[in-house]
Protein chains: 2
Amino acid sequence: MKRKVTLKQIAKELDVSISTVSKSLRNSPEISEDTRQKVQAFAKLYNYRPNNIALSLKNKKTKTIGIIIPEIVHHFFATVISGIEQVANENGYNVIVCLSDESFDKEVINMEMLANGSIDGFIMSLSKETQLKKDFHHIEEVINQGMPVVMFDRVTNEVLCDKVIIDDQLAAYEAVDFFIKNNFKKIGLVTTVDYVSVGKLRTDGYINALKDHDRTADDAMIVKIEDIENCASKIEKLLQEQKPDAIFAVNELFAVTTIKLANKMGLKVPEDLSVIGFTDGIISQFSTPSISTISQNGIKMGGRAAQMLIERLEMEEENELYRTELIETHLVERESTPTL
Amino acid sequence: MKRKVTLKQIAKELDVSISTVSKSLRNSPEISEDTRQKVQAFAKLYNYRPNNIALSLKNKKTKTIGIIIPEIVHHFFATVISGIEQVANENGYNVIVCLSDESFDKEVINMEMLANGSIDGFIMSLSKETQLKKDFHHIEEVINQGMPVVMFDRVTNEVLCDKVIIDDQLAAYEAVDFFIKNNFKKIGLVTTVDYVSVGKLRTDGYINALKDHDRTADDAMIVKIEDIENCASKIEKLLQEQKPDAIFAVNELFAVTTIKLANKMGLKVPEDLSVIGFTDGIISQFSTPSISTISQNGIKMGGRAAQMLIERLEMEEENELYRTELIETHLVERESTPTL
DNA sequence: TTTCAACACGCAAACGTTTTCGGCAGGCAC
DNA sequence: GTGCCTGCCGAAAACGTTTGCGTGTTGAAA
């Protein structure tokens, strides 16, 4: 086993100083052609590669981006990571991934862990618990220490930083608008509890769309789900008692669950019930019927977030001007809505 | 903005030496109660945290695990990462994720990038291209440099290292065995091209199960798919010409695609055709009908891989004895197979 | 022969830690 | 008064880099 070779070892072997070796490898004109070639040959032979940690310490840059997300076993977040990783890689950055598991404490611990020099900046999406507690001091703190943060998807207005989101409210509006324009009468909503920021926005979009068409949003037509495991009865109740002809669900899990329950009750989708979901993930594509949905391009979102972070990292002067970028969405029509 | 405070700054403020500060914070008995308290109070006030990079350089340990996988937008790999992250976190490790995108070159570049000090060890699954080329010198190299590697799922016998896999052949055998025991006559196989290691093993399991029951594996009953985008015609041909009553598919994408095509041809699942897939992912759970499948616990797989790696990292003496651990699988019966 | 520039290289600091060792002062025993 | 021990602290090395600056040697010009 041959261990990694260092400048010091090369210097010793060739009987020159460490600085000579370093300069030779970096093609400094200070060094004679002769020794330079000798050193380079030797370095190549022993496959010398500078130690990243030492470079990080010296340069005070790690070329590493920290990602903190609630879950990775979630297609949307996986696509975002994929987008981040791609852009990061193109720019010579690595990504280090931490999962908060929707827990405030884990989010805080992970941030503190990474903030102590391991990374140059954060890309994150808030955990549910953090959104519930509205406690963002851990984020404020790293920003105060001069470490840039880019938030995506689940963001908050209470923290000043770059953000990249979709227009959740508008997207939801468009889905409901689609229903209204196509003459659906009783449009139900399956959404999250209000403290989930994106859920709330999508709920607002639903309500506004109805209002703008002179309909009232009836609370009986709205189901707010806290826990996906125990949501069946609530959705069944909505389907049974209100007999909606269309359902807008704020994520694909809610959409597919609604469809499954409807099927069990003898309702055919899309004949008896039309469904539009949110997030164009695996489920929407492959379930039967495939689900019409608001596409939310995670790859693009992650890519933009990474770009914004890297731009800020490589700016000379600091800039207090924070941007919020919108990633466009659109309705993907599939089998769960009728072709008209 | 207050930047991160260092030992040096504390030392200067309190007019003591750096070593005194360091020792005070680590509760060394060398330091008087008095100064110790003073230093600790000051450090707490300014929220001192040791710099990870400096510690890594000094200790020659980064407490970071490098993960290299073909894709993250793939439920199985996401669950594996989740499992790795959990165990890593419990042991004070972080994970840094790189994606090879199924490309040999990206796999090599990523490994070289991380091997230069950024991480303590690798957990990886081979890219398709690497499996095709059978070129593993990049892996041999990092192992030679004393950096432990744990491979999972897509592994190779040509590299000596710890591995964690499922018994792909046995699992496939059991799926086919299930069909045979339940009196299915014409059992088809939808699999990958042979160079994908796990695909080949599952194919072998299929063949062996047939042989053991005195049936011959007919090539006409086997479809080998290179590219999921252009597989429809091949599968349709199998369904049409051979009229199988059961299909074993080596992953869930193949399974759901087969079901969709069968539906299009007017075949009902499971009445006219039974299907068993592989990998208990989102698709299998939520498609209609839900798909019977061989469950492959990614969380457990990742967890075991992380344990093996960390054990090896924290061993004193080096140990050339490499283990291959098997994660058990089982058949999850759902709607795509008849209840008997 | 002296002077000076160019050339080639080494020294040392710096990044932020931890830890070994040595030193200084005070107190105690003789 | 001398010697020694102990308690407390600081200097310095080490991890692996990069880089500004100092220095010695060489050759040519004066």
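Bear in mind that the values here come from a model prediction, so they are computed numbers and not experimental data. Just so we're on the same page: letters track the sequence lines, and every chain starts at 1.
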Problem set entry | Under 4.0 angstrom between K8(B) side-chain N/O and dC15(C) OP1 or OP2 |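 Looking at the OP1 and OP2 atoms of dC15(C), one of them is under 4.0 Å from a side-chain N or O of K8(B).
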Exercise. Is the distance from OP1 or OP2 of dG16(C) to the nearest side-chain N or O of K60(A) less than 4.0 Å?
Worked result: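 True: K60(A) side-chain N/O within range (under 4.0 Å) of dG16(C) OP1/OP2.
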Problem set entry | Sole candidate of M124(A), R154(A), E129(A), K106(A) that passes side chain to side chain contact (heavy atoms under 4.5 Å, CB included) when paired with P70(A) |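 Exactly one candidate clears the test, R154(A).
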What is the separation between atom [atom1] on [X] and atom [atom2] on [N], rounded to the nearest whole Å?
X	N	atom1	atom2	value
N59(B)	dC15(C)	CG	P	20 Å
N27(A)	dT18(D)	CG	P	12 Å
I10(B)	dG16(C)	CD1	P	12 Å
I53(A)	dT17(D)	CD1	P	12 Å
N51(A)	dC15(D)	CG	P	12 Å
R3(A)	dC15(D)	CZ	P	14 Å
Q37(A)	dA8(C)	CD	C1'	16 Å
L25(A)	dT17(D)	CG	P	9 Å

Exercise. What residue pairs, at least two apart or across chains, pass ring pair (Phe, Tyr, Trp, His ring centres under 6.0 Å) with a residue in residues 77-132 of chain A?
Worked result: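 Counting only pairs at least two positions apart or across chains, the ring pair (Phe, Tyr, Trp, His ring centres under 6.0 Å) contacts touching residues 77-132 of chain A are H74(A)-F77(A), F104(A)-H138(A).
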Problem set entry | Protein proximity profile, nucleotides 4-13 of chain D - base contact B, sugar-phosphate-only contact S, no contact -, cut-off 4.0 Å on heavy atoms | ----BBBBB-
For this session: Indicate yes or no for a side-chain donor-acceptor contact from R36(B) to the backbone of P29(B) under 3.5 Å, with no hydrogens or angles considered.
Result: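 Flag not set: sc R36(B) to bb P29(B) has no pair under 3.5 Å.
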For this session: Examine distances only and state if a side-chain atom of D120(A) and a backbone atom of T62(A) form a donor-acceptor pair shorter than 3.5 Å.
Result: yes
Problem set entry | Stepwise side chain to side chain contact (heavy atoms under 4.5 Å, CB included) test for Q131(A) and T156(A) | CA-CA 8 Å; Q131(A) 293 203 118; T156(A) 173; over 6 Å; no
Exercise. Checking all strands, does L7(A) fall into the base, sugar-phosphate, or nothing category for heavy-atom contacts under 4.0 angstrom?
Worked result: base
Problem set entry | Touch class at under 4.0 angstrom, heavy-atom based, for S22(B) against every strand present |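 Base, at least one base heavy atom under 4.0 Å.
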Problem set entry | Check ion pair K133(A)-E107(A) (N to O, under 4.0 angstrom) | no
For this session: Give a yes or no on whether a salt bridge exists between K63(A) and E314(A), defined as a side-chain N under 4.0 angstrom from a carboxylate O.
Result: yes
